[in-house]
Amino acid sequence: MPELPEVETTLRGITPHIKGQTISKIIIRQRQLRWPIPDEIKSLTGLPVEEITRRGKYLFWQTPAGHLIWHLGMSGSMLILPIDDESESPRRQSHEFTKHEPEKHEHVVFEFNNGLSLRYRDPRRFGALLFTADDPNQHKLIRSLGPEPLQSEFNTDTLYQACRNRTAPIKHLIMDSHIVVGVGNIYACEALYLAGINPKRKAGKISKQRIEKLVSAIKTVLQAAINQGGTTLQDFNQADGKPGYFKQSLNVYGQRGRPCSICSSKIRQIKQAQRSTFYCANCQR
DNA sequence: CGAGCAACCTGCATGC
DNA sequence: TGCATGCAGGTTGCTC
C-alpha cells in the first residue's frame with residue numbers, strides 16, 4: 001500500500017514524538033505478519049530510539065542494541081496516541097470497540113517514557129517488523145535495493161542502463177526495487193502519464209531522451225505526493241490519524257472511464273503482471 | 001539471467 | 001439479505 005510518499009509521511013509524522021524517547025513497553029498482539037515478529041525485540045524495552053530513517057519503503061529505528069526494520073506492506077499504518085487515550089483517535093469513532101479495548105488489527109504497540117504510544121495497524125498483515133544487531137543496510141532484504149528515487153544516484157544514466165536489453169514493459173522496471181526503490185503501482189501509473197510513455201512499451205526500446213523525462217516525472221510525482229501527505233485509498237493514515245491528500249491529484253490511477261485531463265479521451269484500465277494499470281492511450285505512446 | 005505467477009491476509013464493492 | 005466473486009497500496013520465492 002504505502003509507497004515511498006506514504007512511508008516518508010509516516011517517518012515525518014512519528015519522528016518528533018519518538019526520536020530520543022525511551023521504550024517503556026512493547027505489546028505484540030499478533031506476531032504473524034509477513035514473517036513472525038522475532039521475540040528478541042522484547043529486549044528493547046528500556047532502550048531509547050536514537051534515530052528513525054527510511055530506505056525505500058522500509059523504516060529503521062536505531063537503538064543501542066541494533067535496528068528495528070519495519071515495512072508497512074499493503075495496509076500498514078502507524079498512529080501516535082497518548083498511552084491512556086483510547087477515545088480521541090479518528091479511527092476510534094466506531095462503537096464497535098469499547099474504551100481500553102484494542103482496535104481490530106492493531107497488532108503492535110510501543111509505549112514511551114514521554115507518555116505517548118505508537119500503534120501499528122495492518123489489516124492484511126503483509127507488513128513486517130524485523131530486528132538486526134548489525135548494519136541494517138547489509139540485511140538480506142535491504143542490501144540489494146536500488147537507488148533512492150529522490151537522490152541524484154537515480155538519474156537518466158542509471159535508469160537508461162537498467163533498461164538495456166530488457167524486453168519487459170517499462171512499468172515493470174520502474175516498480176522493480178532493485179532498479180529504483182519506492183515506486184509502487186499508483187506512482188508508476190502517474191509518472192508514466194506525466195512522461196507521456198505507454199506503460200506497455202518495452203523498456204529496452206525507449207530513447208534516452210524519453211527516459212530522462214520519466215526520471216524527472218518520477219521525482220516530480222513522488223515529491224508532490226510527499227508534500228500532500230501521501231495518498232489515502234482505504235487504510236493509510238498519517239501519524240496523527242489524518243488521511244493523505246494526494247488522491248485528488250491523481251491523473252490516471254483509479255480513473256478508468258474518466259476523461260484525460262490533457263486530451264479528454266477516456267482513461268483505460270488494463271492488467272499487467274496481475275496489477276491494474278491506468279493510462280491514456282492517446283497521450284502515452 | 002529474465003519472465004510469469006502463486007502465495008501471504010482481510011475488507012470492501014459488485015452482481016446475482 | 002446472503003453468498004460468491006474479484007479486487008486492493010507489496011514483495012518473496014517458486015517454476016519454466
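Within every chain, numbering begins at 1; the chains are lettered A, B, ... in the order of the sequence lines, protein sequences first and strands thereafter.
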Over how many whole Å does the gap from [X] atom [atom1] to [N] atom [atom2] extend?
| X | N | atom1 | atom2 | answer |
| --- | --- | --- | --- | --- |
| A/Asp176 | B/dC5 | CG | P | 17 Å |
| A/Lys140 | C/dT11 | NZ | C1' | 11 Å |
| A/Glu3 | C/dT11 | CD | P | 9 Å |
| A/Gln30 | B/dC9 | CD | C1' | 10 Å |
| A/Arg124 | B/dT10 | CZ | P | 10 Å |
| A/Lys247 | C/dG9 | NZ | P | 13 Å |

query: Within 45° of the six-membered ring axis of A/Tyr160 and under 6.0 Å from that ring's centre, is NZ or CZ of A/Arg164 located there?
result: yes

Would you mind telling me which of [options] lies closest to the side-chain atoms of [X]?
| X | options | value |
| --- | --- | --- |
| A/Gln274 | B/dC5, C/dT12, B/dT10 | B/dC5 |
| A/Ile186 | C/dC7, C/dG9, B/dT10 | C/dG9 |
| A/Pro123 | B/dG11, C/dG9, C/dT12 | B/dG11 |
| A/Leu233 | B/dG11, C/dG9, C/dA8 | C/dG9 |

Heavy atoms under 4.0 Å, any strand shown: does [X] hit a base, just sugar-phosphate, or nothing?
| X | answer |
| --- | --- |
| A/Leu33 | nothing |
| A/Gln234 | base |
| A/Lys271 | sugar-phosphate |

Can a side chain N or O of [X] be found less than 4.0 Å away from OP1 or OP2 on [N]?
| X | N | answer |
| --- | --- | --- |
| A/Thr167 | B/dA3 | yes |
| A/Ser75 | B/dC9 | no |
| A/His105 | B/dG11 | yes |
| A/Tyr253 | C/dG9 | yes |
| A/His71 | C/dG10 | no |
| A/Arg125 | B/dT10 | yes |
| A/Arg275 | C/dC7 | no |

Watson-Crick or G-U wobble partner of C/dT12, both distances under 3.5 Å: B/dA6

- prompt: Considering only the P atoms, how many Å lie between B/dA6 and C/dG6, rounded to the nearest integer?
  reply: 13 Å

- line: Residues A/Val221 and A/Ala191: closest non-hydrogen pair is CG1-CB, 4.1 Å

message: With heavy-atom distances below 4.5 Å as the criterion, would you say the side chains of A/Ile18 and A/Leu118 are in contact?
response: yes

